[in-house]
Amino acid sequence: MTPISTRLLALCTLALGMLALPAQAALNVLACEPEWAALTQEIGGDKVSVSSATNALQDPHRVEARPDLIARTRNADLLVCTGLDLEAGWLPLLVQQSGNAKIAKGQPGYFEAGSFVPRLEVPAKLDRAEGTCMPSAIRTCT
């Protein structure tokens with residue numbers, strides 16, 4: 001089993017274990033993008049309460065930390081994001097402003113999906129002349 005498969009299996013086991021806990025209040029999940037919110041809701045069902053930091057019409061690179069978003073971040077038990085520098089321009093500040101240590105990077109409440117998939121076609125050199133570049137992503141300069 002590859003290291004990525006092992007980590008993904010461990011994450012799925014953890015998620016299923018959390019869902020098997022005795023009935024309590026729903027786990028508050030903040031997803032960075034609506035796709036992660038939909039997937040989390042589908043997996044978690046009535047055991048989770050999910051909201052998304054962005055909507056389908058927003059640029060996920062640029063999100064304003066509005067008071068309602070800071071409040072949802074403060075109350076989140078789990079943060080589900082793409083990673084790969086997609087949210088790098090706003091997520092660290094949002095988590096800091098919320099004061100929620102449970103979902104800080106490196107904590108159990110922080111889930112970055114991009115760290116569980118192999119990256120393909122990562123360029124050796126990125127040039128800002130090509131546009132906005134995310135060095136961790138898969139060939140992304142716009």
Side-chain angles (χ1 to χ4, degrees), residues 1-126 128 130-142:
M1 198 177 272
T2 67
I4 292 172
S5 298
T6 304
R7 289 181 9 192
L8 191 53
L9 179 62
L11 177 68
C12 289
T13 303
L14 175 65
L16 290 174
M18 290 174 74
L19 294 176
L21 293 174
Q24 294 180 359
L27 188 71
N28 287 320
V29 181
L30 177 65
C32 289
E33 292 83 34
E35 296 83 0
W36 295 121
L39 181 61
T40 303
Q41 187 65 63
E42 186 66 28
I43 292 171
D46 63 352
K47 306 273 192 269
V48 295
S49 174
V50 183
S51 67
S52 179
T54 61
N55 64 49
L57 302 176
Q58 282 181 287
D59 178 354
H61 297 93
R62 294 176 183 89
V63 174
E64 187 179 328
R66 301 172 318 276
D68 66 312
L69 181 55
I70 294 169
R72 287 186 286 147
T73 306
R74 182 178 301 118
N75 296 323
D77 300 307
L78 177 65
L79 179 67
V80 179
C81 295
T82 300
L84 300 175
D85 292 338
L86 180 63
E87 303 95 355
W90 56 272
L91 185 60
L93 181 61
L94 180 64
V95 172
Q96 178 189 17
Q97 287 179 340
S98 76
N100 187 347
K102 294 185 292 188
I103 60 167
K105 192 167 189 167
Q107 296 303 311
Y110 182 89
F111 178 75
E112 190 174 271
S115 63
F116 292 95
V117 295
R119 287 170 275 170
L120 306 174
E121 299 181 29
V122 177
K125 180 182 172 215
L126 293 175
R128 285 264 177 219
E130 297 177 37
T132 304
C133 296
M134 300 182 318
S136 300
I138 306 167
R139 278 216 170 177
T140 305
C141 286
T142 57

How long is the straight-line distance from NZ of Lys47 back to OG1 of Thr40, given to the nearest 0.5 Å?
15.5 Å
Less than 4.5 Å apart, side chain to side chain, heavy atoms only: is that true for Val29 and Val80?
yes
If I take atom CZ from residue Phe111 and atom SG from residue Cys32, how far apart are they, to the nearest 0.5 angstrom?
11.5 Å
Shortest non-hydrogen contact between Ala31 and Ala37, atoms and distance:
CB-N, 3.4 Å
Measure the CD-OG distance between Gln41 and Ser52 for me, rounded to the nearest 0.5 Å.
12.0 Å
Mind checking the CG-CD spacing from Leu78 to Gln107? Nearest 0.5 Å is all I need.
12.5 Å
Run through Val63, Asp59, Leu69 and flag the one making a side-chain contact (heavy atoms from CB on, under 4.5 Å) with Thr54.
Val63
Nearest 0.5 angstrom please: Ile103 CD1 to Thr73 OG1, how far?
5.5 Å
Return yes if some donor-acceptor pair links the side-chain N/O of Asn55 with the main-chain N/O of Pro34 below 3.5 Å, else return no.
no
Passes side chain to side chain contact (heavy atoms under 4.5 Å, CB included), Glu112 versus Lys105? Steps please.
CA-CA 9 Å; Glu112 190 174 271; Lys105 192 167 189 167; 4.0 Å; yes
Got Ile70 and Leu94 here, is their nearest side-chain heavy-atom distance under 4.5 Å?
yes
Salt bridge (Lys or Arg N to Asp or Glu O under 4.0 Å) with Asp68: which residues, sequence neighbours excluded?
Arg66, Arg72
What distance separates Leu91 CG from Cys81 SG, expressed to the nearest 0.5 Å?
4.5 Å
Residue pair Val48 / Val50: nearest heavy atoms and the distance that separates them
CG2-CG2, 3.6 Å
Under 3.5 Å, side chain of Asn28 to main-chain N/O of Asp77, donor-acceptor pair present?
no
Which pair of non-hydrogen atoms, one from Ala53 and one from Trp90, has the smallest distance, and what is that distance?
CB-CH2, 3.9 Å
With side chain to side chain contact (heavy atoms under 4.5 Å, CB included) as the test, would you mind laying out the steps for His61 and Leu86 before giving the verdict?
CA-CA 6 Å; His61 297 93; Leu86 180 63; 3.4 Å; yes
Minimum-distance pair of heavy atoms, taken over all atoms of Ala76 and Leu30
CB-CB, 4.0 Å
Could you check whether any side-chain N or O of Trp36 sits under 3.5 Å from a backbone N or O of Ala113, counting only pairs where one atom can act as donor and the other as acceptor?
no
For the pair Glu87 and Glu33, evaluate side chain to side chain contact (heavy atoms under 4.5 Å, CB included) and give the outcome as yes or no after the intermediate values.
CA-CA 9 Å; Glu87 303 95 355; Glu33 292 83 34; 2.8 Å; yes
